[in-house]
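Below you'll find the structure, written out as structure tokens, and then a few comments.
Naming: A, B, ... by sequence-line order, numbering from 1 per chain.
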Amino acid sequence: MTRSSGVFEEWQGCSLEDILGICRDTVEEGDYSAVQRWREGGGRVVGHFQVYFPSELVHAAGMLPVKVCGAPVETRHADSRFGSYLCSILGTSLELALNGTLELDMFVSHPICDAARNLAAIWSRNFDYPCQILYLPQNANSKGSADYLRGEYARLLAELEEIAGRRVETADLARSIDLFNESRALVRRIYEVRRETPWKINAEDSYSLVAIGGFLPVEEHLDLLRTVVPMIEQNERKPEDRIRVVFEGAFCEQPPLDLIRMLGRTCYVVDDDFLIGLRWITEDVETEGDALGNLARAYLEQSSYSPVQHDNRKPKEKMLLDRVRRSKADAVILTAAKMCEPGLEEQVAYVSALDDEMIPYFISEFEQNMSSFGGLELQLETFSENLLFD
Amino acid sequence: MEEQETIVGRGSRDGAALFRQWFESLDEAARRDERAAYVFVMGSMNEILKAFDMHITLPEINSLQLAVRHVAHEYLQEAEDYGYSPDICGYVKADVAVQLRGGVHPMGQIPKPCLAVYTNACNTYIKWAEIWERIHHIPIFTLDVPGHRQLGVHTVPGDQSFEADRAYVEVQIRELISVCEEITGRAFDIDRLRETMHYANQMSASWARLLELNRSTPSVFNALTDGTVYLGVANGFRGTAEGAKYFQDLVEEMEYKVANGIGTITNEQHRLAFVGVPCYPIFRRFNELFAEWGGTFVSSTYLWFASGGTQKGYQYDLTDPIQSLSEGVLLNVRDAMNSMFDQTTVIEGFINEFGLDGVIYHPIKSCRTVSTGLADSRRQLMENTGISSLFIESDMMDRRVVSEAQLKNRIDAFFEGLISRKQQLTATGGT
């Protein structure tokens with residue numbers, strides 16, 4: 001069931017600054033009011049946990065895909081469901097569902113890490129709606145991976161059809177792929193602008209524009225991006241004397257917007273891995289022919305990287321160095337979410353590669369729930385000044 | 001009497017001897033500059049690797065040995081000094097230090113790797129292998145085994161979905177064989193594979209029987225302490241004649257003990273199930289904290305997942321080895337994963353089958369795979385059954401997060417409650 005009217009229209013007719021402000025507020029509030037409006041219109045909602053998810057499948061079935069990636073909330077209900085020694089995103093994601101902020105008709109998670117692979121079972125024990133695991137291939141280099149993934153998408157699509165109460169036709173999938181292709185292309189354009197002229201849009205606004213796509217109908221996200229991207233391109237802000245940095249380590253748990261804002265006060269964040277799952281596919285997915293096969297091939301062959309996917313063709317440290325070079329960054333902010341094992345493990349390899357290339361880096365950890373950044377800002381300013389006046 | 005002296009205790013003696021023999025052979029191989037395949041307990045693929053006569057080492061076992069021998073902290077510190085966070089898996093860090101020391105280990109020299117083979121049963125396996133890839137520049141092979149997609153919904157051979165997953169596993173097994181041919185310079189011999197699978201079959205059947213025998217009262221082995229010794233042999237010697245023989249003898253021993261009413265050394269008063277990974281830094285003491293109250297571990301989820309999910313005794317069909325291996329690997333690894341994420345249903349059944357008085361949940365800092373969902377699983381088990389349970393957190397490697405005093409307080413309180421509950425039930429005529 002789809003809605004005819006919009007769920008996020010307050011930005012229309014506004015200036016660039018006002019639009020960006022509305023997007024920031026919407027992301028920061030984290031109350032999923034747009035999702036609620038979608039539900040009030042009779043729409044169904046499928047939540048999917050980090051990192052990558054083929055949103056096209058949910059959209060083609062007429063439902064709203066919503067990225068579940070936690071929020072800076074107290075985990076009053078979720079705490080009793082988990083042990084200690086855990087990253088924040090699992091608890092805050094479950095909290096959003098337990099406290100009623102996020103009402104879903106289905107939840108899909110992926111075994112991205114040792115902690116997250118427990119989510120489907122925990123979610124199943126706590127909610128009556130279907131909770132599924134989408135097994136994206138962990139062996140990206142087998143001859144069987146693409147066929148396997150195509151079959152996995154077909155299996156998931158059948159489950160989605162059941163919930164949507166309708167059959168998904170080939171044309172539905174092609175249309176969805178087309179819409180998401182355009183949305184991803186516009187997001188890529190924002191990143192190009194940041195790499196080329198980072199003073200035109202700062203990291204927190206870029207982040208908000210991407211993040212909001214995690215819970216808006218793609219048609220509305222596209223309207224927003226089609227309007228705002230040309231405005232950003234024409235933005236006449238003047239460049240300032242700041243270092244250019246890549247932010248690495250936010251492939252799953254996201255830093256609070258205040259932290260990204262703080263970074264933007266000190267440096268130009270010219271590239272990052274914020275919400276990399278929404279940007280996982282790096283080129284347009286083929287729209288002709290077998291849609292599920294095309295999506296599967298795109299996941300494996302036209303995609304980015306993260307610490308939770310091993311691919312012999314994509315050593316992570318090489319990918320990071322490529323990102324640094326492509327964005328002409330002076331330095332790297334190398335972070336990991338607290339207690340995030342894949343992120344923390346990858347830091348060691350990143351450090352080694354950056355040392356070899358003599359690229360300066362600033363190491364830190366963050367937490368979705370952190371609220372004090374004074375010490376971090378001071379350290380970062382010192383790091384930045386050292387580079388500026390070196 | 002003479003018969004009893006020969007049989008009882010044989011499993012522990014022979015197990016320890018085999019274990020030493022395994023590490024001695026690795027030490028000799030390392031000194032000859034021969035390399036080993038690095039593999040893991042959940043989906044070791046010993047059947048294939050032994051068919052190529054490759055040396056096998058299991059870094060999880062190497063690491064836990066460091067904790068049992070009370071030297072893990074030295075290795076953990078070395079890895080942390082190198083850059084690894086205190087908040088990642090202790091097994092990984094201890095092994096990193098072993099690698100940095102050139103394979104030096106208290107049980108002997110560990111050979112350098114020629115190949116790493118791992119499944120996705122634990123995501124840290126993948127990150128761990130990437131470390132070896134960087135240190136040793138070796139090929140690493142992910143055997144991707146898709147797990148169950150939904151709590152309580154298990155596809156079986158013949159289902160379309162199961163067969164699609166099996167086909168994916170089979171393609172990868174054939175690719176692994178090619179990698180092994182390349183590394184060893186030897187052609188694959190399917191009859192040699194049949195032989196290793198035949199021994200694996202014998203071991204799996206014995207393993208299933210062994211676990212089943214502990215239903216008897218008194219229990220015939222301690223699932224936490226004795227069970228860990230048996231696991232070492234099960235992993236190191238899977239697919240070998242020695243391994244198969246060891247478990248046949250062990251089953252004979254336990255059947256003898258059942259027939260003659262011989263239990264463990266604990267004066268068994270409370271029969272417990274253990275959920276999680278043992279506390280290796282105080283391995284013996286941890287068990288004593290329970291044994292002092294007459295508590296004995298009759299079952300343990302560790303014996304399910306750390307045996308690679310072989311507890312159901314799956315038997316390979318040797319007439320079609322690769323097809324059957326792919327089916328067996330899929331079923332076994334899934335069972336291993338299920339033992340970590342959804343053990344509640346099985347434990348509910350065990351309450352009667354094993355006469356359980358309580359369930360001990362032991363999540364650990366080092367292992368999120370096993371630990372993340374245990375609080376919620378326990379909540380469900382308590383709701384469904386009302387059985388007494390205890391939730392204690394520590395670690396399998398890092399003594400900095402193991403507080404014996406705190407553990408003892410919690411364990412003592414658990415037994416006081418359990419005894420009081422039993423007394424109330426007796427007084428009211430309940431069972």
Side-chain angles (χ1 to χ4, degrees), chain A residues 79-87 90 111-126 130-135 137-145 147-148 151-152 155-156 159 307-308 310 312 315-317 336 338-342 344-349 351-352 365, chain B residues 82-85 87-89 92 119-120 122-124 126-131 133-134 139-152 161 164-165 167-172 175 337 340-342 344 363-377 379-380 391 393 401:
Chain A
D79 263 356
S80 64
R81 270 74 174 178
F82 295 106
S84 314
Y85 311 122
L86 212 58
C87 58
L90 295 192
I112 56 164
C113 72
D114 295 337
R117 61 188 314 168
N118 280 275
L119 260 190
I122 295 171
W123 220 282
S124 290
R125 287 192 283 263
N126 285 278
C131 303
Q132 281 255 335
I133 293 179
L134 171 67
Y135 261 93
Q138 296 275 15
N139 182 348
N141 306 112
S142 170
K143 286 193 181 83
S145 304
D147 283 348
Y148 159 76
E152 184 65 353
R155 183 192 65 77
L156 180 65
E159 303 277 352
V308 293
H310 176 79
N312 292 334
K316 265 80 76 177
E317 56 271 50
K338 283 189 192 301
M339 296 287 171
C340 167
E341 277 198 285
L344 290 166
E345 281 156 352
E346 211 62 63
Q347 272 192 341
V348 180
V351 162
S352 172
E365 288 182 26
Chain B
Y82 187 76
Y84 286 96
S85 164
D87 297 327
I88 68 161
C89 171
V92 173
T119 66
N120 55 314
C122 163
N123 289 55
T124 294
I126 304 172
K127 305 305 293 176
W128 198 341
E130 286 177 346
I131 294 172
E133 184 182 37
R134 286 167 180 138
I140 65 174
F141 189 92
T142 316
L143 182 72
D144 188 11
V145 182
H148 298 303
R149 309 310 203 277
Q150 205 173 335
L151 191 75
S161 170
D165 291 345
Y168 175 43
V169 173
E170 183 175 338
V171 170
Q172 296 175 83
E175 289 168 342
M337 293 195 265
M340 298 184 288
F341 311 137
D342 180 27
T344 311
I364 48 172
K365 180 182 179 185
S366 266
C367 184
R368 272 80 163 182
T369 315
V370 174
S371 306
T372 300
L374 291 191
D376 196 57
S377 295
R379 191 181 57 80
Q380 187 193 34
F391 192 83
E393 293 182 289
V401 277

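Residue B:His148 comes nearest to A:Ile133 through the heavy atom pair O-CD1, 3.8 Å, listed as atom of the first residue, atom of the second, then distance. The shortest heavy-atom contact between A:Leu344 and B:Ser85 is CD1-OG, 3.6 Å.
Side chain of A:Asn139 to backbone of B:Thr142: a donor-acceptor contact under 3.5 angstrom is found. No donor-acceptor distance shorter than 3.5 angstrom exists from the side chain of A:Lys143 to the backbone of B:Glu175, with no hydrogens or angles considered. Side chain of B:Asp87 to main chain of A:Tyr85: no donor-acceptor pair is present (N/O by atom type, distance under 3.5 Å, no hydrogens or angles). Judged purely by atom type and a 3.5 angstrom limit, B:Glu393 uses its side chain to pair as donor or acceptor with the backbone of A:Ser84. A donor-acceptor pair is defined here as one N or O able to donate and one able to accept, closer than 3.5 Å; such a pair exists between the side chain of A:Glu341 and the backbone of B:Cys89.
Residue B:Cys367: no heavy atom, backbone or side chain, is found under 4.5 Å from chain A. In this structure, chain B has a heavy atom under 4.5 Å from the side chain of A:Val348, while its backbone stays farther away. Residue B:Pro363: no heavy atom, backbone or side chain, is found under 4.5 Å from chain A. The parts of B:Ser377 that come within reach of chain A are both its backbone and its side chain, each placing non-hydrogen atoms under 4.5 angstrom from that chain. The parts of B:Thr124 that come within reach of chain A are both its backbone and its side chain, each placing non-hydrogen atoms under 4.5 angstrom from that chain. For a residue to count as touching a neighbouring chain, one of its non-hydrogen atoms must lie under 4.5 Å from one of that chain's; by this rule A:Asn312 touches chain B with the side chain only. For B:Leu374, no part lies under 4.5 angstrom from a heavy atom of chain A.
Heavy-atom pairs under 4.5 Å with chain B were tallied for A:Pro342, A:Pro137, A:Ala120, A:Gly151; the largest tally goes to A:Pro137.
Taking 4.0 Å as the cut-off between side-chain N and carboxylate O, B:Arg149 and A:Glu159 do not count as a salt-bridged pair. For the pair B:Arg134 and A:Glu346, the salt-bridge criterion is met [side-chain N within less than 4.0 Å of a carboxylate O].
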